[in-house]
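Data block below; observations after.
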Amino acid sequence: MPSVLEVGEVAKPIPNDDEVLMRIHSVSINDWDWGLVRGKPFVIRLFFGLKKPKITIPGVDVSGKIEAVGGNVSSFNIGDEIYCDLSDCGFGGFAEYVCVPESHLSKKPFSISHNDAAALPHAGLLALQGLVEKGEVKTGQSILINGAGGGVGTLGIQILKSYDGLTVTGVDSSEKLDLMTSLGYDRVIDYKKVDFTDTGEKYDLILDTKSHRSVFKVARSLKKNGRYITAGGSMARLLEIALLGSLISLFTGKKLSVLIHQPNRGLDQLSLLVEKGQLRPVVDGPNGFDQIPGLIQYFGEGRHLGKIVVEIEK
Ligand SMILES: NC(=O)c1ccc[n+]([C@@H]2O[C@H](COP(=O)([O-])OP(=O)(O)OC[C@H]3O[C@@H](n4cnc5c(N)ncnc54)[C@H](OP(=O)(O)O)[C@@H]3O)[C@@H](O)[C@H]2O)c1
């Protein structure tokens, strides 16, 4: 549980030749952190330790400044403001310093703060990779995002704004519907009152951040040649979609698949959208470092709006 986390002193890390030493200004909270502190779902233990976690400092989405560079680092210098996702290079974002391979870094957009930048990498790229790369969104389409008031959905709707003539429906709990409307969702649905797969409405593209419905139900909500992409949800549903999705695709032409997140791939594209003024994260916070355990619990209970951000260096 999040209460197992303690504040402690560790040695300042030293970057190897391909890494930079980053002084972390801000970090945001993700599903990885919620999963790591509980060891759930079980699959997380297969990767990060069966009995106890191999990762002792969680935290993946960080923004900060370079304080030292390794001998082979060529594209970044001391003093550069950078941001990135640490989920495939050892985590460690709930700290003052972390070493990061140069290959994982992007320059922080000038026009936003570290607090905003820390909210972007993980959720922003799930949205970009789900809607644009795998979803191949096209102008004029009818789109639904399930779990639209969280990190992915609040960034996803802004990414979709560069496409003309879209009709975008967002599904989430009632407390998040006003925020979703203010961000540009054309229609909003409270999932506790209405099951979007029961309305008879059909979509060209569905991005699901919380898959809980059967693969057959979601397939029925797709138009001919429509795509359903899930980023997360119950393990049983994800397995069902991975196994049966391609079979359904074979018979119906509809494409149903699980998104495999590629950390940091496309981060410069997000930076461009930010610099154009098209993308601004919804930040829940900023909060203080000592609040992290409580914030992870708050995240797990789904009470947050957008991304929960922690400011490490004031
Ligand atoms: N595919 C990959 O490689 C990969 C990698 C990392 C993470 N992920 C997954 O990607 C997803 C990230 O989403 P996120 O950052 O946007 O999460 P988030 O910030 O937690 O947002 C999820 C939203 O979904 C809502 N929700 C919960 N149950 C729902 C339901 N049955 N129907 C509709 N909405 C529901 C939540 O609201 P309430 O709680 O108020 O209901 C919350 O607003 C997570 O599922 C994560 O596990 C995938």
Side-chain angles (χ1 to χ4, degrees), residues 28-36 38 40-41 43-44 47-48 58 60-61 85-88 91 118-131 133-135 144-159 169-180 183 185 188-199 206-214 217-218 221 228-239 241-242 245 257-266 281-285 295-309:
S28 69
I29 295 192
N30 281 292
D31 222 36
W32 278 124
D33 308 315
W34 175 238
L36 264 183
R38 292 176 315 135
K40 287 183 190 166
V43 69
I44 212 160
F47 293 104
F48 299 112
V60 296
D61 270 348
D85 175 349
L86 305 170
S87 61
D88 66 344
F91 294 62
L120 282 174
H122 199 80
L125 290 180
L126 278 168
L128 187 79
Q129 291 167 12
L131 294 165
E133 287 184 16
K134 208 168 172 83
L144 179 139
I145 300 182
N146 191 42
V152 172
T154 52
L155 292 166
I157 182 66
Q158 300 179 60
I159 291 170
T169 301
V171 184
D172 211 302
S173 50
S174 58
E175 309 82 63
K176 298 176 187 170
L177 302 186
D178 286 346
L179 169 70
M180 285 152 52
L183 289 171
Y185 281 95
V188 292
I189 296 176
D190 178 350
Y191 78 87
K192 291 179 180 158
K193 292 192 181 136
V194 177
D195 181 337
F196 76 86
T197 60
D198 285 341
T199 61
I206 298 175
L207 178 63
D208 204 338
T209 72
K210 293 283 164 190
S211 280
H212 288 294
R213 295 179 179 80
S214 90
K217 281 194 99 175
V218 291
S221 298
Y228 171 86
I229 293 149
T230 177
S234 85
M235 283 314 291
R237 288 302 182 207
L238 296 182
L239 213 58
I241 292 154
S257 58
V258 178
L259 178 69
I260 308 294
H261 173 232
Q262 307 293 328
N264 300 309
R265 198 184 71 205
V282 175
V283 168
D284 195 328
L295 292 168
I296 297 177
Q297 184 66 36
Y298 170 71
F299 174 88
E301 290 166 8
R303 292 187 282 137
H304 59 292
L305 288 175
K307 295 292 297 178
I308 304 169
V309 170

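We count ligands from 1, going down the list as the structure has it; atoms in each ligand are counted the same way. Note that the structure is a prediction, hence the values are computed from the model and not measured.
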Original post:
If every non-hydrogen atom of Thr209 is compared with every non-hydrogen atom of Ala231, which pair is closest and at what distance?
Top reply: CA-CB, 4.5 Å
Original post:
Asp85 and His122: side-chain donor and acceptor closer than 3.5 Å?
Top reply: yes
Original post:
Under 3.5 Å, is there a donor-acceptor pair between the Ser174 and Tyr191 side chains?
Top reply: no
Original post:
Does the separation of the ring centres of Trp32 and Phe48 fall below 6.0 angstrom?
Top reply: yes
**OP:** Return yes when atom NZ of Lys217 has more than 12 non-hydrogen atoms of other residues, nucleotides or ligands closer than 6.0 Å, and no otherwise.
**Re:** yes
Subject >> Side chain proximity check, Ser211 to Ile241, heavy atoms < 4.5 angstrom >> reply: yes
Which N or O atoms of ligand 1 sit under 3.5 Å from a protein N or O, and how far apart is each pair?
residue, atom, partner, partner atom, Å
ligand 1, 1 (N), Ala231, O, 2.9
ligand 1, 1 (N), Leu259, O, 2.6
ligand 1, 3 (O), His261, N, 2.8
ligand 1, 16 (O), Gly151, N, 3.2
ligand 1, 16 (O), Val152, N, 2.8
ligand 1, 19 (O), Gly151, N, 3.0
ligand 1, 19 (O), His304, NE2, 2.9
ligand 1, 20 (O), His304, NE2, 3.4
ligand 1, 37 (O), Asp172, OD1, 2.9
ligand 1, 37 (O), Lys176, NZ, 3.0
ligand 1, 40 (O), Ser173, OG, 2.8
ligand 1, 40 (O), Lys176, NZ, 2.9
ligand 1, 40 (O), Gly302, O, 3.2
ligand 1, 41 (O), Tyr191, OH, 2.4
ligand 1, 43 (O), Asp172, OD1, 3.2
ligand 1, 43 (O), Asp172, OD2, 2.7
ligand 1, 43 (O), Lys176, NZ, 2.9
ligand 1, 45 (O), Thr209, O, 2.8
ligand 1, 47 (O), Asp31, OD2, 2.4

